[in-house]
Structures are given as C-alpha cells and as structure tokens.
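Working notes for the structure below.
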Amino acid sequence: MSEDTVMQLPKVDPSEKSMDEIVALCKRRGFVYPASEIYGGINGFWDYGPLGALLKNNIRDHWWKRMVECPPIGPDGDPLQIVGLDSSIIQNPRTWEASGHVAGFNDPMSTCKQCKKLLRADHVLSMLHSAPWVTAVNETSPGTDGADNDTISAFAGSNRARKVAPGLVDALKENPSHVAIVANAAQRVAAGDQSETFVAACPHCGGELTEPRAFNLMFESHAGAIKDEANKVYLRPETAQGIFLNYKNVVDTMRVKVPFGVAQIGKAFRNEVTPRNFIFRSREFEQMEMEWFCHPDEAAKWYEFWKNERMDWWKSLGIDEANLRFRDHDDDELAHYSKMCVDVEYRYPFTGGNFGELEGIAHRGCFDLTQHQEHSGKDQSYFDQELQVRMQNEGKSKEEIKEASRYIPNVIEPASGLTRAVLVLLCEAFTPTPDRSGSKYVLSFKPKFAPIKAGIFPLVAKDGMPEVAQKLYYDLREKFTCEYDVKQSIGRRYARMDEIGTPYCFTIDGDTLTDQTVTVRERDTASQQRINISQVEAFLRENIG
Ligand code: ATP
C-alpha cells in the first residue's frame, strides 16, 4: 500500500450520526425510497431500492444459512435440526383468535389533547428522549438535574422555543397548568429515566395526553367477492403463527425429533399507530423468526443457548459490541404465558445514546400449541420415542412412561426484524468523511454484506482498457456482485463506491496492458496497491469472506 494515501476511517458514535443524513443518503444512493413517493408517499411504508434489496438479501441469506443450512452446533456437539418454511400471509382468521391477536394485539394508545396526535403510550418516553423541545429545555437549565417550572416559563417566552417548539409555546399559552407536566417530562429525560411508565406530555408539542386506550394493530381484508364479517381475514402481524400451524405437518413429514426448530422469513404487517424513525417501525416489514420446539424440562437451557447464539449472530454482521446489549424484560412486561424474555438492543442514532429493540428472544412455554389445539380440536402433542426407550431402560413403570412420553413441546422463539437489521447495518456503517476529497460519506459495511463487492473500472474509455476491464467483470460477476462502470472521472467513481459501501475497486490502466497488473483501491483507507489481474478473484475470495 502506498502509505501517503492511507487514511483511517473515523469511528463515529451512533448518537453522533444524523438520521436525516442517513435517510437522505439511502434515497440518493438507491437503498430505500418512500413508498408511492410520486403520490406524496404513504406513512409507514417504504420501498427497497436496488442496493437496499441487495443488502436485505445478504442479511436474509446469512440468517437462513446460520439457521437452516448450517445450524449451530448444539451443546452435545452435534448440529441442531432446523428446517425452513414459507407459509401463507393470510391464514384462517381463527388462527388469530387462538394466538390471542384478535383480542389482545392491542397497543396502549394516547391522544394529545393539544395537537391531536395519536401516540403509543409505551413509546412516549423514548420519543421524549429525541424530542427537540426536551433537548432545548434541558439546555436552558444546564448544571441542574433538569428543568423546573421557572425554566419552562422562561423557555416558553424565548425565541428558541418559537423556533424548535412552536406547538409547545401554544400549548402552554392555552393551558398554563401544562408547565408542571412539561417540566416533569424534561426532568425525567435529563435524569436518564428509562422506565416506560406513562409520561403525560406529548413529545411533539408538550400537550397533555389522554389515558392510554387499546388499539388493534392487524390489517383487515376480505377473502372472496363479498365483503362481510364471514369473509374477514387478516394480514399476518408476525410470521410465527404460520410455523405453529405447520408444526404437526413438519413432525409428520420430516425426519425431525424434539428438540428441533422451524425457521421462516417473510413479510408481516402491523397497522402501527406511530410508524417512525425511518424503517425502524413501519407498517409493512420483514421478520426472521425461528420456533425451537423442546422438552419442557430443557426449555430454560435452550433459552440461554439461543440468547447467546443470537447475540453472536448479530456480532457476525460486523456490529460493534459496544452498540449491542441484552435487556431482560421486567415481570410486568412479560406476556402472561411467557416465562422469560430478553431483547437484543442496538444503540440507534435516534435513541439519544440509549438502546432500542432489534430482536426478542422469548420462552413461550407451551402456550401457542396448546391454544391451537384447543381452538382447532386437533391434537398437537408430541410422542417422544427416545424418551420412552430411555425410561424403559431405566425400568420406569408403564403408567409413568405413558404419562411422560407424550407432551406438548415448549417453545423458545428468537424473533427479529429483517428490515430493522437493514437499518442497523446502515446506521452502523454510516460514516461521515468530511476530510475526504471525493465522498462525503463512507458506508463501511463488513465486506460480506456490502451490496456490491467490487467495482471494475477502466481508467479511461479508450486504448483497449474497457475491453480488459469488461473481461474481468464477466469473469467475476458470477461469483461476486460486481459493477462495471466507465463513466465519469475515476475519483468520482471511487466516491460513489464509497457511498454505497463497495469494499474494493479494481482499475485497469495503461500499465495493465503491458504488465497485467491492476490497481486495487480499498474503501475504508482509500489506499491503493497493484496486483496481477489473475489474482483478483483470489483477492476477493480472501477479503470478502
Ligand atoms: P415493539 O415493542 O417495538 O412494537 P414487538 O416487541 O412487538 O416490537 P415482536 O412482536 O417481538 O416486536 O417482533 C419481533 C421483531 O420484529 C422486533 O424485534 C422487530 O425487530 C421487528 N418488528 C416488530 N414490529 C416492527 C415494525 N413495526 N417495523 C419493523 N420491524 C418490526
């Protein structure tokens, strides 16, 4: 490498990254576009552009590989048994009665009495953490634990308040009793309060919020020509239920024995009340879920296993450990059937230095299969032949064996968002590079996940260079996602590749024609070296992983 051109990519803390810049880069470089943009967009829906689709597929394939094709090695040294599934988005609506979604898939909602916005009550606190008025109020009272009533009154009369929070100024004018509510909310944020208890201040305008009420999140449609109650169906709000519905089919048709897993990736739909933070919370998204069916006595052991395995998987995407953590659910957060639940969380740029959910790993007991058994009348129990033989060898009584060898398996469920993983990789890779001459940003993806692995460029579009570059491109494109580009100056082509996260570029120049060497230009360091053109494939194999 020529030392004079080597630069190190700065390591930027996620809290210092700007979501506005990330969203703008995603649009400008073809990762994510607002859905139906020419009609003004539609709140909560996004389209994945050419590069976003490639990035998403790379993450999807990595999950599928590690779950289904090369599942982890279990505690006994053998690979686990996990099979894949692709179930229907629309199922018999009784599915959602059994699963509890019809009755219970409700978010607690509050309305702001001032600006009338509908908000998820359990998200208010985290929204307050990134609310401009809260930041501004807390900056008005530095050195204290946060704002008091006097600070709020002073702030409300300031020019800054009119700039960052005109809604708040109006709310306080109309209802002076809000001063205390607003001060309390700002104080709690300043004190780093993380408890998701209800805070009665609107993150948008500081107005008072109503008591939370339930709101059903499932999208409804009708199957068939007549739009009546009998034909009502739901778009699935999670992929998991399709797995439970097929558990018996899998046991009967595949050579699986408990413990085993069924994995599925696919679209899910939730009529989220407050879709926000770009693709973090959308109304249409993709999930990667696996249901691990095991003996009830072993469920706690498998819960620990999957918890660690999933964290390892997230790290394998190239995410800095410092930006990931586990968060155990408190008892009052657990669903009534869930025995244990932990979230894998990431430090998103919009969580103000805090963490937000990326994946949930839940010990669901035998709730789901029992519910489907009760609602469908179809036996969902599992006959454990191995256990039967073991008990016979141990000399157990017939009754004991009969009682123990048929049971409804327990389930450990690692449930993650594929589209949320796309967001995490974009946030993690996003690095502003104000000191670089070409690109303003670098997306420093781990090479394996970069949408394009290599750019192949003739230095100029003449003197036989395009022909050599094209041949290299044709040789490589079946093995790596490559792009051939002949337009613009070489600096601009490198800059574009930096901004879409391409780890390597290979440039064919005048020397290539005489000595068969090409320039390899590396994304993160902008360093260049020359290698023989015949070595390019091996170079990529070694460095892409
Ligand atoms: P939240 O509390 O954030 O609404 P959840 O706990 O209901 O999420 P799960 O039902 O456990 O989420 O879904 C599993 C995963 O699916 C989540 O960890 C997340 O990655 C993803 N997910 C859930 N809802 C959405 C959404 N609206 N948009 C994008 N991804 C989502």
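Just follow the structure's listing: the first ligand is 1, and inside any ligand the first atom is 1.
- Annotation: side-chain contact (heavy atoms from CB on, under 4.5 Å) contacts of E345 (sequence neighbours excluded): R325, R327, D343, F355.
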Just list the side-chain donor-acceptor pairs under 3.5 Å for residues 294-306, sequence neighbours left out, or say none.
from: H295; atom 1: ND1; to: D297; atom 2: N; distance (Å): 3.0
from: Y303; atom 1: OH; to: C341; atom 2: N; distance (Å): 3.4
from: Y303; atom 1: OH; to: V342; atom 2: N; distance (Å): 3.3

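- By the neighbour-count criterion of 12 heavy atoms within 6.0 Å, atom CZ of R28 is densely surrounded, having more than that number from other residues, nucleotides or ligands.
- Among K56, R420, R60, the single residue meeting the salt bridge (Lys or Arg N to Asp or Glu O under 4.0 Å) criterion with E286 is K56.
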Which N or O atoms of ligand 1 sit under 3.5 Å from a protein N or O, and how far apart is each pair?
from: ligand 1; atom 1: 3 (O); to: R281; atom 2: NH1; distance (Å): 3.4
from: ligand 1; atom 1: 3 (O); to: R281; atom 2: NH2; distance (Å): 2.7
from: ligand 1; atom 1: 4 (O); to: R120; atom 2: NH1; distance (Å): 3.1
from: ligand 1; atom 1: 4 (O); to: R281; atom 2: NH1; distance (Å): 2.9
from: ligand 1; atom 1: 6 (O); to: E357; atom 2: OE1; distance (Å): 3.3
from: ligand 1; atom 1: 6 (O); to: E357; atom 2: OE2; distance (Å): 3.4
from: ligand 1; atom 1: 7 (O); to: R270; atom 2: NH1; distance (Å): 3.1
from: ligand 1; atom 1: 10 (O); to: R270; atom 2: NH1; distance (Å): 3.3
from: ligand 1; atom 1: 10 (O); to: R270; atom 2: NH2; distance (Å): 2.8
from: ligand 1; atom 1: 13 (O); to: Q287; atom 2: NE2; distance (Å): 3.3
from: ligand 1; atom 1: 16 (O); to: Q287; atom 2: NE2; distance (Å): 3.2
from: ligand 1; atom 1: 18 (O); to: E357; atom 2: OE2; distance (Å): 2.6
from: ligand 1; atom 1: 18 (O); to: L358; atom 2: O; distance (Å): 3.3
from: ligand 1; atom 1: 20 (O); to: L358; atom 2: O; distance (Å): 2.9
from: ligand 1; atom 1: 20 (O); to: G417; atom 2: N; distance (Å): 3.0
from: ligand 1; atom 1: 24 (N); to: R270; atom 2: NH1; distance (Å): 3.4
from: ligand 1; atom 1: 27 (N); to: E272; atom 2: OE2; distance (Å): 2.7
from: ligand 1; atom 1: 27 (N); to: S282; atom 2: O; distance (Å): 2.8
from: ligand 1; atom 1: 28 (N); to: F280; atom 2: O; distance (Å): 3.3
from: ligand 1; atom 1: 28 (N); to: S282; atom 2: N; distance (Å): 3.0

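- A distance of 9.5 Å separates NZ of K267 from CG of L418, quoted to the nearest 0.5 Å.
- In this view, F293 and Y247, F260 satisfy the ring-ring contact (aromatic ring centres under 6.0 Å, His included) rule, not counting sequence neighbours.
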